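Fair warning: this is a prediction, and the values are worked out from it, not measured in the lab. Below, each value reflects all heavy atoms present in this structure, side chains not excepted, and no hydrogens, waters or symmetry copies.
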Amino acid sequence: MSQDTVAPALPDAPREVVLVTGISGSGKSVALHALEDAGFYCVDNLPPELLPQFLRLEQARTDGAMRRIAVAVDVRSARSLPALLPSLSQLGNEGVKVRAIFLDASTHALVRRFSETRRRHPLSTGAPGEALDQHRALTDAIELERELLADLREASTVLDTSQLRAAQLRAWVRQLVQAPAGALTLVFESFAFKHGVPLDADLVYDVRVLPNPHYIDELRPLTGRDAPVADYLQQQPEVGEMLGQIEAFLVRWLPAFEQDQRAYLTVAIGCTGGQHRSVYFVEQLARRFRDRGATLVRHRELDAL
């Protein structure tokens with residue numbers, strides 16, 4: 001193809017294209033299998049520069065009635081990664097909506113996973129253009145990968161898998177792709193500070209200063225979704241005050257986040273154990289914002305049980 005030749009635009013936008021990417025060891029294979037089970041046609045490790053051509057071929061093959069497509073791209077295509085963001089921009093200009101999901105995890109979790117599986121990190125033998133270093137430390141390879149994927153992470157919806165079991169990750173990925181495209185989706189997530197702040201959080205609120213149902217014997221085995229815990233928390237004036245302040249902040253700034261053309265906004269609420277207060281807040285906020293658009297609810301610690 002000559003430099004003056006322009007590739008034909010896609011005649012009709014595909015129904016759905018999901019791009020799965022992220023840090024090695026963060027669960028991309030699990031996510032791709034979940035999408036395949038959900039009816040997506042999945043392609044792993046597609047060179048980024050071939051993405052537009054692949055979608056054109058797929059649409060031509062099916063006479064415009066494209067299947068739902070999921071494509072996984074990662075650092076194994078490191079030399080081609082600079083072409084990925086321009087490709088996504090080009091597809092957007094052609095009317096193709098690509099939902100980019102970036103899987104991430106803490107370095108500690110990644111080191112543990114690589115140690116358990118005894119697999120080699122893709123960058124453990126050196127970065128593109130560098131002299132090969134057979135003894136590159138695993139943590140150095142992970143940090144190098146973060147640098148290479150930083151721009152892609154910024155343009156994607158981030159999902160922190162540090163504390164997730166495979167079943168949780170599959171469920172959360174299905175949640176993400178079922179949310180309406182083109183509008184801001186609010187994600188409310190409860191978590192325990194003792195297990196770390198979610199890496200995918202856009203806003204983090206700490207409710208550990210509020211009365212803790214854990215210290216009431218009959219409430220200890222329950223969760224923030226149970227009526228007795230909700231009744232107890234509703235009786236605490238400071239709980240209602242903080243809940244109202246968080247709601248007011250979101251109401252005030254949601255239009256700005258929408259104008260920023262974000263696909264998702266993750267609001268993380270943390271308490272000590274991720275069982276009572278944070279769960280109650282997430283359930284209440286999701287209920288209050290449900291009429292404003294798409295909302296998703298996640299309970300990181302409860303979902304792991």
**E143/T107 under side-chain hydrogen bond (donor to acceptor under 3.5 Å, both in side chains): CA gap, chis, key distance, verdict** = CA-CA 8 Å; E143 293 310 312; T107 299; 3.1 Å; yes

**Asked** Is there a side-chain hydrogen bond (donor to acceptor under 3.5 Å, both in side chains) between S87 and E49 once you walk through the steps?
**Response** CA-CA 7 Å; S87 292; E49 66 271 23; over 6 Å; no

**Request:** Apply side-chain contact (heavy atoms from CB on, under 4.5 Å) to the pair H33 and R170, showing each step before the final yes or no.
**Result:** CA-CA 8 Å; H33 290 156; R170 287 193 291 267; 5.8 Å; no

**Message:** The test is side-chain contact (heavy atoms from CB on, under 4.5 Å); show your working for L159 and V173 and say whether it passes.
**Reply:** CA-CA 9 Å; L159 192 56; V173 167; 4.0 Å; yes

**Prompt:** Would E154 and S156 satisfy side-chain contact (heavy atoms from CB on, under 4.5 Å), going step by step from the backbone distance to the final call?
**Reply:** CA-CA 6 Å; E154 187 67 23; S156 305; over 6 Å; no

**Request:** Verify side-chain contact (heavy atoms from CB on, under 4.5 Å) between L81 and V73, making sure each step is shown before the conclusion.
**Result:** CA-CA 9 Å; L81 282 176; V73 174; 4.1 Å; yes

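For the residue pair F257 and L265, the shortest heavy atom distance occurs at CD1-CD2, 3.7 Å. When all heavy atoms are compared, the tightest approach of L103 to L169 is CD2-CD1, 4.3 Å. Between D160 and A105, the shortest heavy-atom distance links the atoms OD1-CA, 3.8 Å. Across every non-hydrogen atom of S24 and V75, the tightest pair is OG-CG1, 3.8 Å. Contact detail for P211 and Y232: the closest heavy-atom pair is CB-OH, 3.5 Å. In this structure, D74 and G22 approach most closely via the heavy-atom pair CB-O, 4.3 Å.
A 4.5 Å side-chain heavy-atom check between R174 and Q178 finds at least one atom pair inside the cut-off. V187 is not listed as a side-chain neighbour of T157, based on a closest heavy-atom distance of 4.5 Å or more. Side-chain contact check for Q168 versus Q163: every heavy-atom pair is 4.5 Å or farther apart. Under the 4.5 Å side-chain criterion, counting only non-hydrogen atoms from C-beta, F40 is not in contact with I69. No side-chain heavy atom of V30 sits less than 4.5 Å from a side-chain heavy atom of T161. Between V17 and R99, the closest side-chain pair of non-hydrogen atoms is not below 4.5 Å. Side-chain atoms of L186 and Y264, non-hydrogen and from C-beta on, never get closer than 4.5 Å to each other. Residues R298 and D200 form a side-chain contact, since some pair of their non-hydrogen atoms from C-beta on lies under 4.5 Å apart.
The side chain to side chain contact (heavy atoms under 4.5 Å, CB included) with P52 is formed by just one residue from the set L88, V96, L91; it is L91.
A donor-acceptor pair is defined here as one N or O able to donate and one able to accept, closer than 3.5 Å; no such pair exists between the side chain of R146 and the backbone of I23. Between the side chain of D37 and the main chain of A34, no donor-acceptor pair closer than 3.5 Å is present. Panel note: side chain Q275, backbone R220; a donor-acceptor pair is recorded below 3.5 Å. Formation of a donor-acceptor pair under 3.5 Å by the T223 side chain with backbone atoms of R225 is found in this model. Here the side chain of D303 pairs a donor or acceptor atom with the backbone of H299 at under 3.5 angstrom.
Donor-acceptor pairing under 3.5 Å is lacking for the side chains of S278 and R208. Counting only N and O atoms by type, the side chains of E301 and S190 include no donor and acceptor under 3.5 Å apart. A donor-acceptor pair shorter than 3.5 Å cannot be found between the side chains of R112 and S106.
Cluster membership for V239 and L222, using ILVMFWY side-chain heavy atoms within less than 4.5 angstrom, is shared. Tracing side-chain contacts under 4.5 Å through hydrophobic residues (I, L, V, M, F, W, Y), one reaches V18 starting from L176; they form part of the same cluster. Residues V207 and F193 do not share a hydrophobic cluster, defined by chaining ILVMFWY side chains whose heavy atoms lie under 4.5 Å apart. Hydrophobic clustering (side-chain heavy atoms under 4.5 Å, transitive across Ile, Leu, Val, Met, Phe, Trp, Tyr) keeps L199 apart from I142. Both L85 and F54 belong to a single network of hydrophobic side chains, linked directly or stepwise wherever heavy atoms of I, L, V, M, F, W or Y lie under 4.5 Å apart.
Note that the CD atom of E218 and the CD1 atom of I216 stand 6.5 Å from one another [nearest 0.5 Å]. The CG atom of L296 lies 8.5 Å from the OG1 atom of T266; values are rounded to the nearest 0.5 Å. Once rounded to the nearest 0.5 Å, the distance linking CD of E189 with CG of D202 reads 10.5 Å. Note that SG of C271 and CG of D206 are 9.0 Å apart. Values are rounded to the nearest 0.5 Å. Atoms CG and CZ, on L254 and F289 in that order, are 6.0 Å from each other to the nearest 0.5 Å. For the atom pair CG of L219 and CG of L233, the computed distance is 8.5 Å after rounding to the nearest 0.5 Å.
A salt bridge is absent between R113 and E116: the closest approach of a Lys/Arg side-chain nitrogen to an acidic carboxylate oxygen does not fall below 4.0 angstrom. The pair D104-R153 counts as a salt bridge, with a side-chain nitrogen and a carboxylate oxygen less than 4.0 angstrom apart.
The number of heavy atoms from other shown groups lying within 6.0 Å of CG (N45) is above 12. By the neighbour-count criterion of 12 heavy atoms within 6.0 Å, atom CZ of R119 is sparsely surrounded, having that number or fewer from other residues, nucleotides or ligands.
The side-chain tip of R300 does not point at the ring of F191 from less than 6.0 angstrom away and within 45° of straight on.
Residue pairs meeting the salt bridge (charged side-chain N to carboxylate O under 4.0 Å, His left out) criterion with at least one partner in residues 264-292, sequence neighbours excluded, are E247-R288.
Using the six-membered ring where Trp is involved, F249 and Y205 have ring planes that are perpendicular, over 60° apart on the 30 and 60° scheme.
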